[in-house]
Every structure is written in structure tokens, then in C-alpha cells.
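In what follows, a single structure is set out as C-alpha cells and then discussed.
Start at 1 with the first residue, then count along the sequence. As the structure lists them, so they are numbered: ligands from 1, and atoms in each ligand from 1.
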Amino acid sequence: MGAFVGEQTYLNYINGEWVASTSGKTIKSINPANRNEIVGLVQASSADDLDQVVAAAKAAAKAWRKLSGSARGDFLFKAANILERRLDEVAESMTREMGKTLPEAKGETARGVAILRYYAGEGMRKVGDVIPSTDSEALMFTTRVPLGVVGVISPWNFPVAIPIWKMAPALIYGNTVVLKPATETAVTAAKIIECFAEAGLPAGVINLITGSGSIIGQGLAEHKDINGITFTGSNQVGKAVGQAALARGAKYQLEMGGKNPVIIADDANLDLAVDGTISGGLKSTGQKCTATSRVIVMRGVYEAFKEKLVAKVQDLKVGHGLEQGTWLGPCANENQLNTVVSYIAKGIEEGAELLVGGARPEQADLADGFYIQPTVFDKVTADMTIAREEIFGPVLALIQVDTIEEAIELANDSDYGLSASIYTQNIGNILSFIQDMDAGLVRINAETAGVELQAPFGGMKQSSSHSREQGQAAIEFYTAIKTVFLKG
Ligand SMILES: NC(=O)C1=CN([C@@H]2O[C@H](COP(=O)(O)OP(=O)(O)OC[C@H]3O[C@@H](n4cnc5c(N)ncnc54)[C@H](OP(=O)(O)O)[C@@H]3O)[C@@H](O)[C@H]2O)C=CC1
Ligand SMILES: O=C(O)CCC(=O)C(=O)O
């Protein structure tokens, strides 16, 4: 049996079985492009279900960690092949659940396949170093051991890539996994888990439990048998998850918000800069933690940049993510739409000038979806709310500066430090930016979004718990180092 049991109902996956919650209740996952369309019903799991799922993952941990890395990798290669075969179906489910356009959803699913293959290969790579001992007759080296059971709490904005970039390294380094996905995209999560189930992972090694964040998410963070917890989402929830883990001595990793700046220097290639600002700020309806939000432009090119930007933003086609030609889908849910609308109102109230967008589209066929026009504000100042808080929507704030030093200072004037980019041809500007910008990801002549799976990813300041995900950096979270001193 798969996750889907008819009447659009999807089940939890516990100990190798698809099972309904003991609560007997389900939650609707609806299409943000049309609130009347139900994509699926997912389990509203209870604290009892949580205990069961964690017990299953704990029981499976001993045998899984004993397998060789390459044997674990074989399972990931199989899961990758199955996901690749189901790519179109999984991508369509993502578009229907959270609204991103189908080409973006397909790109993300292909990225999920590539992440699985990357970590499958990790099973064959080194896990330690030999370190000279002061005792000439001893051998001293490091090795790594898994944490045990890892709890994964994932958001809705990258419903395939984020769970996979957390689960794949957890598994390859020998941990078992309990996934609690965002309720918004729990159907897509069930389809991913189906791929792992079909790949034949032993019972209990990978598990899925859906349900409310405050019961299942918080419950995972607090559970005595969860040895490590990895979270991506809002700052508020992330901090609570981290505190719950810290209180009981569990390892935790948090990826949270961003307020990412792009700097447009007066020698920038403006066409490139405009395209990068639009793509970085408005793709996925601005719902990326790496999305461009603050656009810091030097006075010499401000008007020319603004004119080109507005002309292009006006032409972006808002619509249903499954329709060909749509550039910008809806916000992922009604809360998200209301948040964006309230930030736009705040921008106007605080004196920013609306250049384009700012309202819900008027087309009748979009009336039942959570759509908002792509929006650009002019005359934004550093103290305005729209220049300080994460909006997570398609809103760009233009800020004028006189010098590159001022631009970098302003770019750093934020509680967040996830990603940042600059458009310039000047090597001095580039070097200052690389050295002085407080962000975990700095990109030159490229948009702020665009994370590569083989490179470390994470933020400074309030954007993360200061660890890094992805690439080989992932091993730091999902394992513990053991130093071995060996003497005959
Ligand atoms: N860094 C990023 O990539 C993301 C940032 N955000 C930011 O967060 C804002 C709000 O989005 P939202 O979806 O509400 O984000 P949340 O932080 O609430 O959700 C992220 C994940 O945490 C779960 N969760 C919710 N409450 C708790 C809790 N008390 N304990 C443990 N886990 C919990 C959610 O489950 P459930 O879905 O069931 O509530 C979901 O799986 C956005 O506007 C955006 O600013 C959001 C998503 C991704
Ligand atoms: O930009 C990306 O590809 C990833 C962004 C991300 O991790 C996020 O929005 O949570």
C-alpha cells in the first residue's frame, strides 16, 4: 500500500507501514491557486503517534548504523532513481499544494534527485583523520558516529529539496529519521517518502508523521529519544525548537529568516542587475529565505536602474502555477498573503512610494487564489519596517546610497545575514564586499538566491544556529566525532 488510500487521504509512514493517526482526524491541504480545491487530506497526528514513530526510529537505529556507508548509499541511489521516474507527478503535486510554477517545481524535484545521488556517494568518502600522537607507539585517529534518531522539521517553500537535503545526509551518516513536514505541503512529503519506501529502506529507518507544528513539531523537539533536530522555518518557531533541544542536551540545527540585500554599484551591468533582482526577489513569489528584499542602488544609476526594473516587473505574468506562461504563482497560503498585504500597507503608511503592484490582481479567474501583484517600493529608508523585517513575498524595496561603503554598511544593518549579492565590475568593490559583508552566502554579479547542493549553506546573525547544511558541511551536524587512541 502507498501513502494514498483514496478519498484524497494520505497516511503516516511508521515502521515501514502506511498507517492512519490514532486521532482519527485529518487536515485539508488546499490549493493556494484556488482555495476550493482540496489537494489531499493528511493525518492530524497525536502525541501517541509521535511516541510510536520515535520508538520505531529508535529500534531501527542499531542495525542501520552497522551497515556500511556504501550499503546505505545504495538505498539512496535507488530512492533517487524512483524520484526521478516520478518527477513530473511530484512536481505537479508541489505546484498544486504551494503554488510555485511547474518549471520551478520540476527544477526543485530534479535538485532533490541530485542531492540524493550526492549523499549516496558520501557513503564512500572518508570520515576521519590520522593525528600524530605524542606516544610514538600509538595510533591516534578520528572517526565519526551517527547521532541516533534525527527529527526533521521542514517548511513549505521548498517541499522537496529541504526535506531531502536534511534526510539524505542524516541517513547516509547512519541516523534514522522522523520527518514532520509543513502541513501546507504534507501530500508532497508523503510522495517523497513513498520513493524511499519503494527503495526498500528497512522498517523504521525513515518515517513520516504529519500534523500540527505545535503538537508534532514541538513534541519532536522535546522528545527524549530524538538525538538531533534539524529545522527550517520562521525565527520564532526556530528559537523555540532550539531552546527545547538545548534544555535536554540534544543537538540542533536551525535555518531561519533572511532580509537579503543586493547592491547595484554605479559601474554595474544594469540589464544583468535588473534580471538578477527580479529573479532573486520575485521567483517563487518571493518565498525563499534567500530572496532579494532590499535593493541598494548607487545614486549614479538609480533612475536608470529603477526605470528598467519597473518596466520588466510590470510585464510579469501572475497566474496559476500549472498554466504555461505563468511567471509568478500565488502566495502559499492565506496567512502568507495577509502578511504580504499588511507589509505593503505598512510600507505606504511609513512613507515609501509604491512604483508598481501593491494590490491583488483583478482577473476574475484569480479571485479564489492567494495572489498578489509583484510590488516595488521607491524611497525606502533603512528604518522602515519593509527594510527591516522578513516579508516572504514578492516585494522589493529600493534604497538609494552615495558610496559603496555606505551600501555595504546599510546591507549589514540587519538582524539577519543569510545571503547577499553585488553587481559591479570593480575588483575593489568586489573584494570589499566579500570581506565586509556579514552573510553566509555572498554572490557577485549573480542573484541572492541560488544555493548549490555541494556547497555549505547557512547564515550569520539571526539567520541560523551558525551551523551549515549541504555539501560536506552536513557531516558536522549529523555525526559526532570520536577520537581514538590505540596502543598494542
Ligand atoms: N527560512 C525559511 O526558509 C522559511 C521561513 N519562513 C518564515 O516563517 C514565516 C511563517 O511561516 P510558517 O509556515 O508559519 O513557518 P513556521 O516556522 O511556523 O513553520 C515551519 C515548520 O515548523 C513547524 N512548526 C510550526 N509551529 C511549530 C512549533 N511550535 N514547534 C515546532 N515546529 C513547529 C511547521 O509545521 P506546520 O506547517 O504544521 O505549522 C513547519 O513544519 C514566513 O512568513 C517566513 O517569514 C517560513 C518558511 C520557510
Ligand atoms: O535559494 C535556495 O535555493 C534555497 C533557499 C532556502 O533554503 C529557503 O528558502 O529555505
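Under the 4.0 angstrom criterion, atom 14 (O) of ligand 1 counts as lacking any protein heavy-atom contact. Distance check on atom 36 (P) of ligand 1: some protein heavy atom falls below the 4.0 Å cut-off.
A donor-acceptor contact closer than 3.5 angstrom links the side chains of T22 and S46.
Atom 24 (N) of ligand 1 has G213 CA, 3.5 Å as its closest protein atom, hydrogens excluded (heavy atom only). Protein heavy atom nearest atom 23 (C) of ligand 1, with residue, atom name and distance: I153 CG2, 3.7 Å. The single protein non-hydrogen atom nearest to atom 4 (C) of ligand 1 is F392 CZ, 3.4 Å, given as residue, atom name and distance. When hydrogens are left out, the protein atom nearest atom 33 (C) of ligand 1 is V237 CG1, 3.4 Å; that is the closest non-hydrogen contact. Residue, atom and distance of the protein heavy atom nearest to atom 1 (N) of ligand 1 are M256 O, 2.8 Å.
Atoms of ligand 1 found under 4.0 Å from any heavy atom of V241, numbered from 1 in the order shown, are 31 (C). Short contacts between ligand 2 and K288, defined as distances under 4.0 Å to a heavy atom of the residue, involve ligand atoms 9 (O). Near G450, meaning under 4.0 Å from any of its heavy atoms, are these atoms of ligand 2: 1 (O). Contact atoms of ligand 2 toward I162: 10 (O) (distance under 4.0 Å to a heavy atom of the residue). Residue-ligand proximity, F457 to ligand 2, at heavy-atom distances under 4.0 Å covers atoms 7 (O). Counting the atoms of ligand 2 from 1 in the order shown, those under 4.0 Å from a heavy atom of C289 are 5 (C), 6 (C), 7 (O), 8 (C), 9 (O), 10 (O). Atoms of ligand 2 lying under 4.0 Å from at least one heavy atom of V451, given by number and element, are 1 (O), 2 (C), 3 (O), 4 (C).
The part of R111 lying near ligand 2 is the side chain, judged by heavy-atom distances below 4.0 Å. Residue contacts with ligand 1, taken as heavy atom pairs separated by less than 4.0 Å, do not involve A240 at all.
For the side-chain hydrogen bond (donor to acceptor under 3.5 Å, both in side chains) with T385, the lone residue among E350, E349, K346 that qualifies is E350.
Judged by a 6.0 Å distance limit and a 45° cone about the ring axis, K239 is not positioned over the six-membered ring of F231.
Between the side chain of D368 and the main chain of R35, no donor-acceptor pair closer than 3.5 Å is present.
Here W165 and F477 keep their ring centres 6.0 angstrom or further from each other.
Partners of Y13 under the ring-ring contact (aromatic ring centres under 6.0 Å, His included) rule, at least two apart in sequence or in another chain, are W18.
Residue contact check for ligand 2: W165 places a non-hydrogen atom closer than 4.0 Å to it.
Considering both main-chain and side-chain atoms, Q336 comes within under 3.5 Å of ligand 1 through a nitrogen or oxygen pair.
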